[in-house]
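To start, the structure under review is shown below, and the notes come after it.
These numbers come from a predicted model, not from an experiment. Heavy atoms only: backbone and side chains are in, while hydrogens, waters and symmetry mates are out.
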Amino acid sequence: MTTVSLSKPPPCLYGHSNPIRSFSTPVILSLSFHRTEAPIPMVCCALKTESEGSNLLRKPVSPTARELGGISEQEDDDADEAKEEEEDDEWVDWEDQILEDTVPLVGFVRMILHSGKYEIGERLSPDHERTIVDRLLPYHPECEKKIGCGIDYITVGYHPDFTSSRCLFIIRKDGQSVDFSYWKCIKGLIRKNYPLYADTFILRHFRRQRRN
């Protein structure tokens with residue numbers, strides 16, 4: 001703060017006839033001068049977050065130990081081995097899934113053929129026939145050829161080449177009977193739904209039937 005003292009009276013203002021009389025005491029004017037400084041520029045630094053354009057107040061992503069160079073060669077090898085084990089587990093999961101999809105169908109067909117529920121030439125019940133037509137027959141590699149002019153019904157009969165073996169037959173609308181292998185249907189289902197694992201699974205779980 002700076003103080004200014006005036007000992008003389010100020011002159012007559014605006015030419016009035018009555019000028020301001022002299023003051024017996026000096027006039028003290030108190031003038032306050034505030035020092036101003038140039039504003040300090042603010043520097044904003046954006047922290048890198050998980051996704052670009054997100055809120056800058058979010059917690060920044062911490063670098064991984066690998067990025068900081070804190071993983072040893074041994075730890076890196078252990079991580080690779082763990083990844084390989086996860087891949088092995090993934091295969092086991094797919095194998096279990098294939099078994100869950102196919103084992104019930106195999107048991108269902110075996111029940112029809114070998115439980116004594118159906119005699120040779122007997123027509124399947126509507127529910128059993130619908131299951132065969134909807135969930136099994138479409139996966140046969142020669143499905144359209146087997147169906148021909150259309151399905152009248154499904155029945156059980158003896159295989160034309162292996163007379164001791166029972167198998168499923170399509171009775172067409174024209175009266176002709178055509179046998180089909182449910183094992184080919186099962187394999188077709190696996191190849192269609194699990195193309196990456198089908199060949200390995202079939203080699204592991206299916207045995208070739210020897211013809212006598």
Side-chain angles (χ1 to χ4, degrees), residues 73-212:
E73 293 182 359
Q74 179 63 36
E75 292 173 334
D76 195 25
D77 293 339
D78 294 341
D80 293 338
E81 293 179 358
K83 184 176 181 181
E84 292 177 357
E85 292 178 357
E86 290 179 358
E87 292 177 353
D88 294 338
D89 293 339
E90 182 179 1
W91 157 248
V92 172
D93 292 341
W94 278 111
E95 186 177 42
D96 291 343
Q97 183 63 49
I98 296 173
L99 290 172
E100 289 179 5
D101 290 347
T102 56
V103 168
L105 281 175
V106 173
F108 171 75
V109 177
R110 285 178 173 175
M111 178 274 295
I112 292 175
L113 295 177
H114 306 298
S115 68
K117 180 178 180 59
Y118 293 101
E119 300 292 336
I120 298 298
E122 183 178 355
R123 179 173 181 169
L124 301 188
S125 68
D127 290 342
H128 290 174
E129 184 175 291
R130 188 179 304 108
T131 300
I132 295 295
V133 173
D134 293 344
R135 299 183 56 189
L136 197 66
L137 186 58
Y139 298 103
H140 195 284
E142 298 179 345
C143 176
E144 295 182 359
K145 182 179 178 180
K146 293 290 185 179
I147 292 175
C149 62
I151 299 174
D152 187 9
Y153 61 91
I154 305 293
T155 187
V156 177
Y158 287 113
H159 194 280
D161 297 330
F162 310 102
T163 55
S164 61
S165 298
R166 297 161 67 100
C167 65
L168 296 172
F169 279 81
I170 296 173
I171 307 300
R172 294 175 176 172
K173 292 182 178 180
D174 60 3
Q176 185 179 3
S177 65
V178 180
D179 67 288
F180 67 95
S181 169
Y182 76 92
W183 282 115
K184 290 183 179 180
C185 297
I186 295 294
K187 292 178 182 178
L189 182 152
I190 296 172
R191 288 193 172 99
K192 181 176 178 60
N193 295 340
Y194 307 94
L196 297 179
Y197 309 97
D199 291 338
T200 302
F201 182 89
I202 290 172
L203 288 175
R204 180 178 297 184
H205 292 277
F206 286 76
R207 294 178 300 176
R208 295 182 178 179
Q209 297 179 353
R210 295 182 179 178
R211 295 185 177 183
N212 297 328

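The side-chain contact (heavy atoms from CB on, under 4.5 Å) test with L136 is passed by exactly one of V109, I154, V106, T131: V109. For the side-chain contact (heavy atoms from CB on, under 4.5 Å) criterion with I170, the lone passing option out of I132, T155, L137 is L137.
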Practice task
Go through the steps for R135 and F108 under the test side-chain contact (heavy atoms from CB on, under 4.5 Å), then give the verdict.
Solution key: CA-CA 11 Å; R135 299 183 56 189; F108 171 75; over 6 Å; no
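Considering only heavy atoms from C-beta on, W94 stays 4.5 Å or farther from L196 through its side chain. Counting heavy atoms from C-beta on, the side chains of Y139 and N193 come closer than 4.5 Å. Within the 4.5 Å cutoff, no side-chain heavy atoms of K187 are placed close to those of K184. Using a 4.5 Å heavy-atom threshold, the side chains of Y194 and F201 count as separate.
To the nearest 0.5 Å, atom CD1 of residue I120 and atom CZ of residue R166 are 4.0 Å apart. The CZ atom of R110 sits 12.0 Å away from atom CG of L105, with the distance rounded to the nearest 0.5 Å. With values rounded to the nearest 0.5 angstrom, D134 atom CG is found 10.0 Å from E129 atom CD. The distance from the OH atom of Y197 to the CD atom of E95 is 11.5 Å, given to the nearest 0.5 Å. If you take NE2 on H159 and OG on S164, they are separated by 10.5 Å, rounding to the nearest 0.5 Å.
Annotation for S125 and Y118: closest pair N-OH, 3.2 Å, computed over non-hydrogen atoms. Between E122 and E119, the closest heavy-atom pair is OE1-N, 2.8 Å. In this structure, P104 and L99 approach most closely via the heavy-atom pair CD-O, 3.8 Å. What you find for F180 and C185 is that their closest heavy atoms are CD1-SG, 4.1 Å.
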Throw together a table of side-chain donor-acceptor distances under 3.5 angstrom for residues 140-153, partners on residues two or more places apart or in other chains.
| residue | atom | partner | partner atom | Å |
| --- | --- | --- | --- | --- |
| H140 | ND1 | E142 | N | 3.0 |
| K146 | NZ | D179 | O | 2.9 |

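Evaluation of the side-chain contact (heavy atoms from CB on, under 4.5 Å) rule for T102 yields I98, I186, L189, I190 as partners, not counting sequence neighbours. Considering only residues two or more places apart in sequence or on other chains, R172 meets the side-chain hydrogen bond (donor to acceptor under 3.5 Å, both in side chains) condition with Q176.
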